[in-house]
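Here is the structure we will look at.
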Number of protein chains: 2
Amino acid sequence: MLKGRPREFDVDAALDKALHVFWKHGYEGSSLADLTEAMGINRPSLYAAFGNKEELFRRALNRYLDKGPGAAKREALEEPTARAAVERLLKCVATLLTDPCNPRGCLSVQGALTCGEASESIKQELNRRRSEGEQALRQRLERAKVEGDLAPDADPAALARFISTITQGMSVQAAGGASREDLFRVADMALRAWPG
Amino acid sequence: MLKGRPREFDVDAALDKALHVFWKHGYEGSSLADLTEAMGINRPSLYAAFGNKEELFRRALNRYLDKGPGAAKREALEEPTARAAVERLLKCVATLLTDPCNPRGCLSVQGALTCGEASESIKQELNRRRSEGEQALRQRLERAKVEGDLAPDADPAALARFISTITQGMSVQAAGGASREDLFRVADMALRAWPG
DNA sequence: CTATATCGATACCAATCGGTACATATATAG
DNA sequence: CTATATATGTACCGATTGGTATCGATATAG
């Protein structure tokens with residue numbers, strides 16, 4: 001057993017609360033006052049448990065990617081064919097982006113698309129994470145090419161970039177108020193561009 | 001002639017400087033210190049000429065939409081056919097988003113996708129402006145349907161939303177470092193979804 | 001000339017920003 | 001019990017935020 005006074009709040013629950021704040025208002029748009037209020041803890045507890053605002057954001061982002069929308073997107077890629085994987089990915093993203101339980105849009109897109117100089121490293125981390133998602137999709141498409149369920153003349157990198165562009169655009173659309181049905185139609189139109 | 005001491009700076013030139021700052025760092029990410037330094041004027045002059053930060057942003061946004069990228073996008077829609085208009089629009093956007101003279105990305109997408117409560121009205125204004133752009137495209141497609149150069153079973157609203165989603169996704173891609181050629185390939189793939 | 005009106009520079013405002021010092025409370029280890 | 005270690009709450013820090021009061025300088029109107 002650990003020594004000292006035990007903390008009185010649940011770290012993961014508090015992290016989920018922080019995630020929702022960052023998700024809705026972005027990194028710079030979320031103040032320490034907003035965060036501590038939503039998390040139900042006071043400032044020194046936050047700093048003791050999470051280090052600082054930047055580390056808190058990174059931990060919230062990891063949670064978002066590991067157990068939240070990120071996990072659902074990875075699962076989509078496990079469909080047996082590339083076409084099915086992409087279709088499920090697009091439908092999945094459309095659904096997640098318009099989940100009434102969550103803020104509209106995607107944290108890794110809206111978290112810090114622009115920011116002041118002080119938050120540049122957060123912006124770059126989000127760029128990196130989005131790029132990683134795109135590369136995972138590219139690899140799935142390359143595998144599909146080897147397995148023969150993607151046309152031999154298809155360009156996995158270009159296709160992955162195209163699909164990523166769609167999902168990122170959907171995030172902007174969702175933030176602007178687009179409905180789930182709107183985004184489903186966008187997904188359908190995107191699939192018409194499928195090679196072969 | 002006007003009474004009083006004449007101002008020593010050019011309003012439009014200062015507005016362009018402010019536009020670049022907002023374009024690069026977004027509304028909240030741009031501080032008054034950043035703005036006055038870039039504009040080469042001091043704070044009271046800025047307030048005398050533009051009112052406050054919010055009005056300055058709106059004027060910069062108007063300039064962006066009237067005489068900057070917004071104008072180029074409107075021109076694209078004047079092509080004789082819907083297909084040509086959309087093709088030119090996508091190429092135009094890809095070019096604008098990666099113009100080495102300008103910040104990467106689109107002001108109306110990146111200006112305030114997320115923000116604190118204080119900037120909510122700016123966020124809503126940007127949502128409205130993006131929606132206006134989408135409606136202009138929809139109307140162009142409806143006209144095309146009447147003129148017979150768009151398939152009768154095509155859905156102008158859905159198509160306009162799809163194209164807007166692409167251009168907004170491109171903005172995110174550009175902010176993440178995508179090259180002009182990358183975005184051209186995205187435009188090409190999007191056009192494969194063209195109806196008919 | 002004087003009167004008026006606006007500009008620009010300094011210096012300042014209250015509020016908020018992210019982050020902490022410190023004292024107190026509460027647990028375990030011995 | 002005492003000693004130790006950690007958590008919590010208050011109250012605070014310097015820096016920065018958007019926004020102004022004030023004053024001297026510079027123009028036109030008469």
Side-chain angles (χ1 to χ4, degrees), chain A residues 1-15 17-18 21-22 24-61 111-112 114-123 125, chain B residues 1-15 17-18 21-22 24-61 111-112 114-123 125:
Chain A
M1 187 69 177
L2 223 61
K3 262 189 176 179
R5 177 176 175 179
R7 64 164 50 94
E8 293 176 1
F9 64 94
D10 179 67
V11 172
D12 283 342
L15 203 50
K17 295 292 189 180
V21 175
F22 283 131
K24 183 167 188 184
H25 295 122
Y27 177 70
E28 287 190 332
S30 305
S31 71
L32 267 290
D34 296 332
L35 291 164
T36 53
E37 189 190 7
M39 297 164 85
I41 64 181
N42 44 37
R43 222 170 280 217
S45 297
L46 189 155
Y47 277 80
F50 303 102
N52 58 23
K53 187 186 178 184
E54 201 168 314
E55 286 184 35
L56 174 62
F57 180 83
R58 288 181 210 274
R59 287 186 60 169
L61 177 60
T114 59
C115 61
E117 314 272 5
S119 312
E120 198 73 18
S121 76
I122 294 288
K123 189 177 88 179
E125 162 125 26
Chain B
M1 187 68 176
L2 222 60
K3 261 190 181 181
R5 178 178 172 177
R7 67 163 47 95
E8 292 176 1
F9 63 95
D10 180 67
V11 172
D12 283 342
L15 202 51
K17 295 292 189 179
V21 174
F22 283 130
K24 183 167 188 184
H25 294 123
Y27 177 69
E28 286 190 331
S30 304
S31 70
L32 266 289
D34 295 333
L35 291 163
T36 52
E37 188 190 7
M39 297 165 85
I41 65 180
N42 43 36
R43 221 169 283 215
S45 297
L46 188 156
Y47 277 79
F50 302 103
N52 58 21
K53 187 186 177 184
E54 201 168 315
E55 287 184 35
L56 174 62
F57 180 83
R58 287 181 210 274
R59 288 186 59 170
L61 177 61
T114 62
C115 60
E117 314 273 5
S119 313
E120 198 72 17
S121 75
I122 294 289
K123 188 178 88 178
E125 162 125 26

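Predicted model only: the values in this text are computed from it and were never measured. The chains referred to below are lettered A, B, ... by the order of the sequence lines, with proteins before strands, and numbering in each begins at 1.
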OP1 or OP2 of C:dA29 less than 4.0 angstrom from a side-chain nitrogen or oxygen of A:Lys3, does that happen here? no
Rounded to whole Å, please give me the gap between CG in A:Leu35 and C1' in C:dT16. 14 Å
Could you please spell out the steps behind the side chain to side chain contact (heavy atoms under 4.5 Å, CB included) verdict for B:Lys53 and B:Ser119? CA-CA 11 Å; B:Lys53 187 186 177 184; B:Ser119 313; over 6 Å; no
Nearest nucleotide by nearest heavy atom, which residue falls closer to the 5' end of DNA chain C, A:Ser31 or A:Pro44? A:Ser31
When rounded to the nearest 0.5 angstrom, what is the spacing between NZ in A:Lys24 and OG in A:Ser30? 10.5 Å
Salt bridge (Lys or Arg N to Asp or Glu O under 4.0 Å) between B:Glu120 and B:Lys123, intermediate numbers included: CA-CA 5 Å; B:Glu120 198 72 17; B:Lys123 188 178 88 178; 3.1 Å; yes
Are any of B:Ser45's side-chain N or O atoms less than 4.0 Å away from OP1 or OP2 of C:dC7? no
Please report, rounded to the nearest Å, how far the C1' atom of D:dT17 is from the NE2 atom of B:His25. 16 Å
Rounded to the nearest Å, what distance is computed from the OH atom of residue B:Tyr47 to the C1' atom of nucleotide D:dT22? 17 Å
In this structure, how many angstroms lie between the C1' atom of C:dT10 and the CD1 atom of B:Ile41, rounded? 16 Å
Any idea how A:Phe22 and A:Tyr27 line up, ring-wise: parallel (<30°), tilted (30 to 60°), or perpendicular (>60°)? parallel
Return the nearest nucleotide to the side chain of B:Arg43; candidates are C:dT20, D:dT20, C:dA27. D:dT20
In whole angstrom, give the distance that lies between atom NZ of B:Lys53 and atom P of D:dT17. 9 Å
Atom CD of A:Glu8 to atom P of D:dT8: distance rounded to whole Å? 5 Å
Under 4.0 Å between a side-chain N or O of A:Asn42 and OP1 or OP2 of D:dG9? yes
Ion pair A:Glu55/A:Arg59, N-O distance below 4.0 Å: no
Between B:Gly51 and B:Asp34, which residue's closest nucleotide on DNA chain D lies nearer the 5′ terminus? B:Asp34
Give a yes/no answer on whether the side chain of A:Arg5 brings an N or O atom under 4.0 Å of OP1 or OP2 in C:dA25. no
For A:Phe50 and D:dA7, give me the distance from atom CZ to atom P, rounded to whole Å. 11 Å
What is the distance, rounded to the nearest whole Å, between atom CZ of B:Arg7 and atom P of C:dA9? 13 Å
Counting any heavy atom closer than 4.0 Å, what does A:Ser30 reach on the DNA or RNA strands: base, sugar-phosphate only, or nothing? sugar-phosphate
